[in-house]
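Everything on this sheet refers to the single structure shown next.
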Amino acid sequence: MLKPRDNPVLLIHKGGLYKTVNFGNPKYVGDPINAVRIFNEKVVDELMVIDIDASRHSREPNYVMIANLAKECR
């Protein structure tokens, strides 16, 4: 039997981690690096990082932040 997978989604807005409802009304919930550390301890299978400002402002995602998050991943 297959084991359920844990795949959290990190929404990045203005360089921070935010919780949204249908990508609207963002509420700040913390630092993305700390969230990655917590998810490492919980041994999640994958992390999805979405820069919700990038498409809204027609720009590339913050690749430096993504690289920093990847360095923290197990």
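Just so it is clear, the values below take in all heavy atoms, side chains as well, and ignore hydrogens, waters and symmetry mates.
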Any residue meeting side-chain contact (heavy atoms from CB on, under 4.5 Å) with Y18, in chain and number order, not counting sequence neighbours: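 Y18 satisfies side-chain contact (heavy atoms from CB on, under 4.5 Å) with H13, P26, Y28 only.
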L10 and V36, any side-chain heavy atoms less than 4.5 Å apart: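 Side-chain contact under 4.5 Å: yes.
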Gap separating the CG atom of D51 from the CD1 atom of I66, nearest 0.5 angstrom: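 Rounded to the nearest 0.5 Å, the CG-CD1 separation comes out at 6.5 Å.
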Hey, can you pull the donor-acceptor pairs under 3.5 Å for the side chains in residues 37-46, sequence neighbours left out?
| from | atom 1 | to | atom 2 | distance (Å) |
| --- | --- | --- | --- | --- |
| R37 | NE | E72 | OE1 | 3.1 |
| R37 | NH1 | N34 | OD1 | 3.2 |
| N40 | OD1 | R74 | N | 3.2 |
| N40 | ND2 | E72 | O | 2.6 |
| D45 | OD2 | D6 | N | 2.9 |
| E46 | OE2 | R5 | NH2 | 2.8 |

Pairs touching residues 12-35 that satisfy salt bridge (Lys or Arg N to Asp or Glu O under 4.0 Å), sequence neighbours left out: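 Listed by first then second residue: nothing to list.
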Residue that, paired with L11, satisfies side chain to side chain contact (heavy atoms under 4.5 Å, CB included) out of I52, V29, D53: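 Of all the options given, the one that passes is I52.
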Residue pair L47, L69: steps toward the side-chain contact (heavy atoms from CB on, under 4.5 Å) verdict: CA-CA 10 Å; L47 287 174; L69 292 173; over 6 Å; no
